[in-house]
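Have a look at the structure below before the remarks.
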Amino acid sequence: MCIRDRYQRRVRGADHTTMSTLFHQYEVVGRHVPTERDPNPKAYRIKLFSKNETNARSRFWYFIRRVVKMKKAHGEILSVREIFEKHPDKVSNYGIWIRYDSRSNTTN
């Protein structure tokens with residue numbers, strides 16, 4: 001028995017976890033910390049997929065830094081809630097927003 005056969009047997013016999021059990025969808029709302037200059041700052045909401053709530057908070061700061069000039073040190077998270085599907089057996093379509101930095105500029 002070679003290594004490849006062992007690997008194939010292990011993969012076939014393993015429990016295949018689906019994305020629905022591995023990742024959860026979260027809605028994270030955050031804003032700048034209120035200051036005298038701006039006592040009521042604008043709130044930003046991001047919906048994202050993450051393994052747990054702590055990781056969702058971290059991903060919020062990762063993405064908000066690229067959209068708005070806001071850092072974790074000068075911001076606060078207002079709420080984090082998990083979004084559950086109304087019909088989990090029904091297939092949903094999701095769009096993907098791709099933004100990358102090339103050598104010359106940022107491209108959407």
Side-chain angles (χ1 to χ4, degrees):
M1 179 185 308
C2 67
I3 295 172
R4 191 180 79 207
D5 293 337
R6 279 191 213 157
Y7 176 74
Q8 286 177 347
R9 286 184 185 168
R10 188 179 58 184
V11 169
R12 285 187 197 137
D15 283 335
H16 294 292
T17 57
T18 61
M19 187 177 159
S20 62
T21 59
L22 188 61
F23 288 95
H24 303 276
Q25 188 174 12
Y26 290 94
E27 178 188 69
V28 185
V29 181
R31 67 176 184 176
H32 277 284
V33 175
T35 59
E36 290 181 7
R37 202 167 93 187
D38 190 10
N40 193 13
K42 185 177 178 182
Y44 297 95
R45 177 183 65 188
I46 293 180
K47 293 181 181 177
L48 46 87
F49 287 96
S50 179
K51 293 183 179 181
N52 54 37
E53 185 175 325
T54 306
N55 195 329
R57 289 170 174 263
S58 175
R59 300 307 292 165
F60 171 79
W61 292 118
Y62 175 81
F63 287 118
I64 202 73
R65 223 177 288 129
R66 283 151 178 72
V67 178
V68 184
K69 191 174 181 180
M70 183 183 356
K71 294 194 319 186
K72 187 177 179 180
H74 301 291
E76 62 183 356
I77 291 181
L78 301 176
S79 71
V80 178
R81 71 180 187 95
E82 187 173 351
I83 299 172
F84 297 98
E85 292 185 71
K86 292 179 184 174
H87 306 286
D89 298 335
K90 183 179 168 187
V91 176
S92 301
N93 293 332
Y94 284 94
I96 298 174
W97 177 29
I98 297 175
R99 181 180 177 128
Y100 65 93
D101 294 328
S102 66
R103 290 166 70 179
S104 56
N105 60 1
T106 302
T107 307
N108 285 337

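Note that the coordinates shown come from a computational prediction; the quantities given were computed from them, not determined experimentally.
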For this session: Can you tell me which residue pairs pass the salt bridge (charged side-chain N to carboxylate O under 4.0 Å, His left out) test with a partner in residues 42-52, sequence neighbours excluded?
Result: E27-R45

Problem set entry | Qualifying residues under side chain to side chain contact (heavy atoms under 4.5 Å, CB included), relative to T35, sequence neighbours excluded | R37, D38

Exercise. In the hydrophobic clustering that connects Ile, Leu, Val, Met, Phe, Trp and Tyr at side-chain heavy-atom distances below 4.5 Å, which members other than Y44 occupy its cluster, ordered by chain and number?
Worked result: Y26, V28, I46, L48, F60, W61, Y62, F63, I64, V67, V68, M70, I77, V80, W97

Seminar exercise, completed: Hits for side chain to side chain contact (heavy atoms under 4.5 Å, CB included) against F84, two or more places apart or cross-chain, chain-then-number order -> E82

Exercise. Looking at N55 and S50, what are the two nearest heavy atoms and their distance?
Worked result: CB-OG, 3.1 Å

Exercise. Which residue pairs pass the salt bridge (charged side-chain N to carboxylate O under 4.0 Å, His left out) test when at least one of the two sits in residues 87-102, sequence neighbours left out?
Worked result: none

Seminar exercise, completed: Between P34 and P39 the two heavy atoms that sit nearest each other are CB-O, 3.4 Å

Exercise. Rest of the hydrophobic cluster containing I98 (Ile/Leu/Val/Met/Phe/Trp/Tyr, side-chain heavy atoms under 4.5 Å)?
Worked result: I96, Y100

Exercise. Could you give the distance from NE2 (H32) to CD (E76), rounded to the nearest 0.5 Å?
Worked result: 11.0 Å

